[in-house]
There are 2 protein chains.
Amino acid sequence: MARVRKTVTIRDVAEDAGVSLQTVSRVVNGGPNVRPQLRDKVRASIDRLGYVPSLAAQRMSGSRSYIILAINDRERTLADWRARLGTDWVDQMLLGGILTCSQHGYRMMVELVDTHSDHVERELGAALSALQPDGVILTPPHSENRLITQLLAERNIPFARIGSNAPGPGIPLTMGDESAAHLATSRLIELGHRRIAMIAGPPQYSLSGWRIDGWKRALDEAGLPHDGLLEVGDFGYASGTRAARALLDRHADLTAIIGSSDQMTLAALEVARDRGLSVPHDLSLISFDNTPIVRFSQPPLTAVDQPIAETVSRAVEQLIARGPDGDDDAVIEVPAGLVERYSTAPPPVEAPAQAQAHAPGRA
Amino acid sequence: MARVRKTVTIRDVAEDAGVSLQTVSRVVNGGPNVRPQLRDKVRASIDRLGYVPSLAAQRMSGSRSYIILAINDRERTLADWRARLGTDWVDQMLLGGILTCSQHGYRMMVELVDTHSDHVERELGAALSALQPDGVILTPPHSENRLITQLLAERNIPFARIGSNAPGPGIPLTMGDESAAHLATSRLIELGHRRIAMIAGPPQYSLSGWRIDGWKRALDEAGLPHDGLLEVGDFGYASGTRAARALLDRHADLTAIIGSSDQMTLAALEVARDRGLSVPHDLSLISFDNTPIVRFSQPPLTAVDQPIAETVSRAVEQLIARGPDGDDDAVIEVPAGLVERYSTAPPPVEAPAQAQAHAPGRA
DNA sequence: CCGCATCTTGAGAGCGTTCTCAAGACTTGT
DNA sequence: ACAAGTCTTGAGAACGCTCTCAAGATGCGG
């Protein structure tokens with residue numbers, strides 16, 4: 001019973017194949033200068049014995065740890081966590097990250113960091129010391145956290161900043177927020193809308209600004225106004241309710257709203273319903289994020305799809321490919337797409353298609 | 001520039017504190033037999049230098065790896081993955097798992113395994129060899145996968161089976177599916193419902209059966225029928241639509257449906273809407289899972305809340321506490337709660353309250 | 001105040017890899 | 001056929017920690 005299965009080590013393989021440890025190591029790591037014949041022999045032994053190198057041992061001797069650490073936001077309590085509803089960031093990250101990592105023989109680990117905590121540095125520092133990851137992936141809002149980026153730079157650990165295009169250390173990746181907002185806005189203009197509002201995210205997030213920029217640019221290009229058509233929320237549901245009400249109160253002629261998060265847009269949907277506005281016939285809605293919840297509202301929301309999985313995947317690739325060097329400052333942009341569902345339609349006919357610069361509101 | 005920051009090792013601490021490596025190690029690991037005075041001195045050095053032991057090195061020498069591996073299902077493509085909508089399993093697991101792990105100085109890693117793949121064994125085996133985790137957490141549908149449980153038992157790695165109460169190796173944990181279903185059903189009976197149907201999950205999942213059991217038991221206890229009131233789905237949306245239609249076609253007097261997944265229940269909601277049935281006034285709905293999507297339907301769904309985070313947390317604790325021994329066969333049951341939202345109400349008055357014995361419907 | 005048990009500390013080996021460096025086998029140019 | 005490479009292979013140290021075991025310090029009963 002419970003006969004202890006000894007782990008297969010590189011030594012067992014070496015013996016089995018009748019070569020030295022070093023040769024096996026070379027074969028495993030695809031090193032050069034091994035005669036094909038020998039290589040095959042070693043490979044056969046590896047397969048037969050089912051040898052897989054120990055990550056820990058590799059880390060010990062080699063210069064790499066084969067670990068990529070992804071830093072995610074942590075809510076303080078379970079309740080907070082659940083309240084984040086619909087945030088499938090972690091799911092997406094894992095899909096993109098784990099798969100890409102394993103393709104390169106790497107592993108991804110997730111670290112949950114509390115932004116509000118005073119000891120972010122200590123927490124993160126401990127994780128870095130324990131794991132000694134070859135690369136770190138920062139997600140918003142950590143991507144632009146000075147404390148964190150500095151710590152990483154100091155320790156000379158390559159890292160990717162998702163959702164940040166600021167200069168400075170670390171590889172910046174964005175999901176094309178400006179163009180996505182531009183795309184969404186343009187689509188609405190195309191449908192005939194002339195009063196298009198935006199509920200933006202909080203200013204601490206750079207991407208909030210980018211989205212506003214894209215929205216404004218599309219409006220400007222079409223010669224449409226944007227004064228008073230902007231409200232700021234915090235990505236949460238309640239703030240969306242507030243913003244949508246303010247917008248609708250202020251502009252009777254509003255026919256479309258772009259929300260900077262699924263929650264805020266869902267809130268706008270609710271506000272519209274309360275006021276007897278039919279979506280999309282009276283009011284068109286476009287959301288940002290495209291998390292799963294948005295497919296189950298009534299109607300399902302047209303949304304800008306954040307390519308999180310792919311972005312993380314790209315980040316992993318960059319971290320693995322570039323060594324500690326790579327001061328290449330180019331921002332990597334993974335474009336977001338627009339998923340059209342049923343919350344967008346042409347504006348109500350009562351809203352005359354221009355000529356009357358300003359729509360007369362709805363009956 | 002880029003001065004390479006040397007990692008702080010146990011040796012540095014030993015030197016700083018003027019003691020041997022061994023003593024530092026003992027202090028770090030809370031070993032006994034160290035004079036308080038010395039311990040404090042060492043602790044001071046540790047803090048000053050910011051020493052954190054390297055996981056890899058600990059694994060190398062010690063008998064433990066301080067790694068818990070969580071096995072999750074992997075969909076083959078990004079599209080499949082996204083289609084799982086609303087499944088925040090991974091999020092929940094991480095919350096429960098990572099936090100609990102770090103409390104004990106452990107780390108959690110996630111491995112994505114494709115159930116449909118032929119080489120599950122090879123994939124998993126490789127992960128086990130590379131990581132040498134101290135424990136493994138299996139989630140449905142892997143919890144009852146013979147190939148996997150055997151592999152683990154063979155390698156003598158402690159593991160937890162979430163959503164399985166079968167005998168055999170591994171620590172079984174359930175989320176009280178039987179009693180949760182019983183609770184949900186009882187609640188409906190209490191409200192006055194007499195025709196309560198269930199859309200069950202696929203039979204490959206044990207929990208599908210448990211939920212049916214709980215539903216039947218509550219019905220039996222109240223002397224209510226269950227013939228023809230059961231439909232089976234696959235947890236997916238489409239199957240829910242099919243099942244709800246069948247149920248509603250068959251029983252004009254149906255006033256409540258319990259769905260074994262959020263998706264299926266959401267589908268039932270849609271079917272009801274299509275038929276002009278108002279939820280909850282004409283039809284009450286209770287869902288299983290309580291993933292975030294369920295809070296944004298119209299109306300928000302009353303749902304059985306799967307305590308995934310807590311279950312995983314318990315699993316981690318068990319794995320860490322028990323050594324390789326622990327053949328304690330007791331099933332650990334983390335009870336699920338019922339979150340009442342707005343999809344449940346007394347049945348319409350037209351549904352006669354029967355000879356009284358049973359709830360009088362609503363006023 | 002001695003002898004023995006117990007507590008405290010340290011020395012050295014070992015974990016499974018990769019790294020560095022050197023030695024032998026093969027080429028190649030003349 | 002010989003010197004000077006280049007390829008191929010292996011030996012041994014090193015990585016940072018914990019384990020085992022032994023030695024010194026301390027405590028206690030008589």
Side-chain angles (χ1 to χ4, degrees), chain A residues 4-42 45-46 49-67 105-107 126 128-132 134, chain B residues 4-42 45-46 49-67 105-107 126 128-132 134:
Chain A
V4 178
R5 228 187 75 102
K6 211 210 153 286
T7 338
V8 179
T9 78
I10 201 174
R11 174 164 282 110
D12 300 319
V13 177
E15 252 168 49
D16 186 83
V19 299
S20 73
L21 295 190
Q22 185 45 41
T23 300
V24 178
S25 176
R26 270 192 275 257
V27 171
V28 170
N29 297 300
N33 303 345
V34 179
R35 257 187 325 190
Q37 185 194 344
L38 235 198
R39 183 203 328 280
D40 292 344
K41 193 170 163 190
V42 172
S45 293
I46 290 178
L49 301 177
Y51 167 71
V52 176
S54 148
L55 246 194
Q58 285 185 311
R59 159 69 201 114
M60 280 302 291
S61 45
S63 45
R64 287 172 301 178
S65 66
Y66 296 96
I67 287 179
Y106 277 67
R107 285 263 150 195
L128 294 179
S129 299
L131 262 22
Q132 296 177 238
D134 290 341
Chain B
V4 179
R5 228 187 77 101
K6 209 207 156 286
T7 338
V8 179
T9 78
I10 199 174
R11 173 164 283 111
D12 301 320
V13 177
E15 252 168 51
D16 186 82
V19 298
S20 74
L21 294 190
Q22 186 44 40
T23 300
V24 178
S25 175
R26 269 191 276 259
V27 172
V28 170
N29 297 300
N33 305 344
V34 179
R35 259 185 324 193
Q37 185 195 345
L38 236 198
R39 186 205 324 283
D40 292 344
K41 193 168 163 193
V42 172
S45 293
I46 290 179
L49 300 177
Y51 167 72
V52 175
S54 148
L55 245 194
Q58 290 191 119
R59 159 68 202 114
M60 280 302 291
S61 45
S63 44
R64 286 173 300 179
S65 65
Y66 297 96
I67 287 179
Y106 277 67
R107 285 263 150 194
L128 295 178
S129 299
L131 263 23
Q132 294 174 241
D134 290 342

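Since the model is a prediction, treat every value here as computed from it, not as a measurement. Keep in mind that the numbers below use all heavy atoms, side chains included, and drop hydrogens, waters and symmetry copies.
Nucleotide C:dC7 holds its P atom 14 Å from the CZ atom of B:Arg39, rounded to whole Å. Distance, A:Gln37 CD to D:dT9 C1': 14 Å, rounded to whole Å.
In this structure, A:Asn33 reaches the D:dT8 phosphate: one of its side-chain N or O atoms is under 4.0 Å from OP1 or OP2.
Comparing D:dG10, D:dT9, C:dT8 by their nearest atom to the side chain of A:Arg35 picks out D:dT9.
Taking every heavy atom of both residues into account, B:Val52 and A:Ser129 meet most closely at CB-CB, 3.5 Å. Taking each heavy atom of A:Tyr51 and A:Ile10 in turn, the nearest pair found is CE1-N, 3.4 Å. For the residue pair A:Ala17 and A:Lys41, the shortest heavy atom distance occurs at O-CE, 3.3 Å.
Here the straight-line distance linking atom CG of B:Asp12 with atom CG of B:Leu21 works out to 10.0 Å at 0.5 Å rounding.
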The contact string for nucleotides 15-24 of chain D, one letter per nucleotide 5' to 3', using protein heavy atoms under 4.0 Å with B, S and - for base, sugar-phosphate only and none, comes out as BBBSB-----
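For B:Arg107, the salt bridge (Lys or Arg N to Asp or Glu O under 4.0 Å) criterion is met by A:Glu111, not counting sequence neighbours.
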Can you give me every donor-acceptor pair (side chain of residues 22-30 of chain B, partner residue at least two apart or in another chain, under 3.5 Å) with its distance?
{"from": "B:Thr23", "atom 1": "OG1", "to": "B:Ser20", "atom 2": "OG", "distance (Å)": "3.2"}
{"from": "B:Ser25", "atom 1": "OG", "to": "B:Asn29", "atom 2": "ND2", "distance (Å)": "3.4"}
{"from": "B:Asn29", "atom 1": "ND2", "to": "B:Ser25", "atom 2": "O", "distance (Å)": "2.9"}

